[in-house]
Visitor: 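One structure is given below, represented as structure tokens, and several questions about it will come after.
Numbers here simply count residues along the sequence, with the first being 1. Reckoned from all heavy atoms, side chains included, excluding hydrogens, waters and symmetry mates. Whatever order the structure lists them in is the order used to number ligands and atoms, beginning at 1.
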Amino acid sequence: MTGVMVVTGASRGIGEATALAAAAQGYAVCVNYRSDTEKAQEVADRIISDGGKAITVAADVSQEDDVVRMFKTVDDELGPVTALVNNAGVVPNRYRADEIPYEDMAMVLLTNAGGTILCCREALCRMLPKHGGQGGAIVNVSSMSSTLGAAHYWVHYGASKGAVDAYTIGLAKEVAGEGIRVNAVRPGLIDTEMHARSGQPDRVAKIAERQPMKRAAAPEEVAAGILWLLSDEASYVSGDIMNIAGGL
Ligand code: NAP
């Protein structure tokens with residue numbers, strides 16, 4: 001067994017691809033999701049039918065009690081986490097900055113940035129030597145929006161991912177001497193349901209041609225980068241934010 005991995009938001013998209021790739025490498029995987037029990041169970045069932053080990057845990061990463069319960073469940077059912085992928089994320093509705101409703105702002109910041117910080121806290125309580133842990137590796141899923149800004153429609157989403165970038169850099173420095181590596185990836189345009197769920201079913205088709213590679217990426221192309229950052233091949237890589245954005 002390679003270790004125990006928690007992948008947040010693993011019921012579809014980049015999280016699903018990451019969970020499947022991790023299981024193929026021998027990780028026991030916690031498939032976290034918020035509400036889509038059926039899809040999450042399908043991901044876990046695929047892992048188990050391929051001979052791997054997986055559990056599903058419903059937990060909203062923006063809620064402290066949910067996050068605490070999830071990591072305790074992982075302790076009990078798989079053992080303490082050794083690898084964490086903070087992938088769960090939401091895109092808000094499209095608003096100009098002068099129109100952003102408080103609820104939208106709170107939801108996107110608490111999920112994308114707050115969820116990352118809460119899940120890291122719980123993982124660190126299992127990974128740090130001072131808590132009896134043996135180190136580990138963390139990858140946070142940011143977005144190119146953190147550098148591009150998402151002006152005119154999603155500046156609050158861009159801000160939430162900017163927070164993820166800064167947190168990744170700071171946390172990496174904080175725990176580098178204690179056997180824990182922390183990195184992030186910044187996906188560009190990835191072909192997932194996220195776009196349709198934000199009310200833009202044709203977004204990928206519409207803007208794929210405008211990407212430097214004239215296409216969107218498959219979620220598996222992001223998962224490959226995440227798995228590499230978690231692997232021993234990246235043993236001297238920490239505090240890095242890897243663009244997986246096709247030259248964007
Ligand atoms: P997706 O297809 O919409 O999947 C999102 C996943 O996150 C689902 O499993 C969903 O679970 C889960 N989730 C949402 N809110 C959650 C919460 N509060 N607690 C726990 N789980 C939650 O999204 P994706 O495109 O794969 O995106 C994954 C990550 O990549 C996100 O952080 C996103 O910001 C980032 N990203 C995506 C793109 C892109 O073009 N797709 C580009 C840059 C960055 P339920 O189904 O149960 O709600």
Side-chain angles (χ1 to χ4, degrees), residues 6-21 29-44 56-67 69-71 84-92 106-119 122 139-150 154 156-165 167-168 184-201 203-208 210-211 215-223 225-226 241-246 248:
V6 172
V7 184
T8 66
S11 60
R12 59 175 190 271
I14 295 168
E16 173 184 8
T18 303
L20 294 173
V29 183
C30 167
V31 176
N32 160 256
Y33 66 104
R34 181 184 44 185
S35 54
D36 197 340
T37 305
E38 201 175 315
K39 277 285 301 165
Q41 195 56 54
E42 275 174 31
V43 175
T56 61
V57 180
D60 180 339
V61 296
S62 69
Q63 301 299 313
E64 183 178 25
D65 290 353
D66 280 20
V67 171
R69 174 180 48 78
M70 172 168 71
F71 280 86
L84 168 65
V85 180
N86 281 305
N87 165 78
V90 281
V91 275
M107 182 266 297
V108 76
L109 285 172
L110 262 181
T111 303
N112 298 356
T116 296
I117 293 168
L118 279 174
C119 288
E122 290 306 304
V139 172
N140 298 324
V141 179
S142 175
S143 165
M144 286 304 286
S145 300
S146 73
T147 60
L148 300 173
W154 279 342
H156 43 332
Y157 175 77
S160 73
K161 295 298 190 178
V164 170
D165 289 2
Y167 177 76
T168 299
V185 294
R186 284 195 197 110
L189 183 68
I190 316 301
D191 193 359
T192 70
E193 285 177 33
M194 188 184 85
H195 309 280
R197 284 172 186 257
S198 74
Q200 304 169 83
R203 182 168 188 258
V204 173
K206 239 163 113 179
I207 64 173
R210 300 208 299 266
Q211 304 307 301
R215 67 172 180 90
E220 290 74 15
E221 294 178 275
V222 182
I226 293 172
I241 305 175
M242 183 200 279
N243 294 347
I244 305 182
L248 195 64

Visitor: In order of chain and number, which residues sit within 4.0 Å of ligand 1 by heavy atom?
Guide: G9, A10, S11, R12, G13, I14, N32, Y33, R34, S35, D36, A59, D60, V61, N87, A88, G89, V90, T111, V141, S142, S143, Y157, K161, P187, G188, L189, I190, T192, E193, M194, H195
Visitor: Is the shortest distance from a Lys or Arg side-chain nitrogen in K39 or E193 to a carboxylate oxygen in the other one below 4.0 Å?
Guide: no
Visitor: Checking side-chain polar atoms at under 3.5 Å, does T168 have a donor or acceptor matched by the opposite partner on N140?
Guide: yes
Visitor: State whether D165 and R186 are salt-bridged, where the test is any N-O pair (Lys NZ or Arg NE/NH1/NH2 against Asp/Glu carboxylate O) under 4.0 Å.
Guide: yes
Visitor: Please name all residues satisfying salt bridge (charged side-chain N to carboxylate O under 4.0 Å, His left out) with D60, sequence neighbours left out, ordered by chain then number.
Guide: none
Visitor: What are the two closest non-hydrogen atoms of V61 and C119, and how far apart are they?
Guide: CG1-SG, 4.0 Å
Visitor: Determine the sole option in V67, V6, L84 for which the side chain to side chain contact (heavy atoms under 4.5 Å, CB included) test with E122 is passed.
Guide: V67
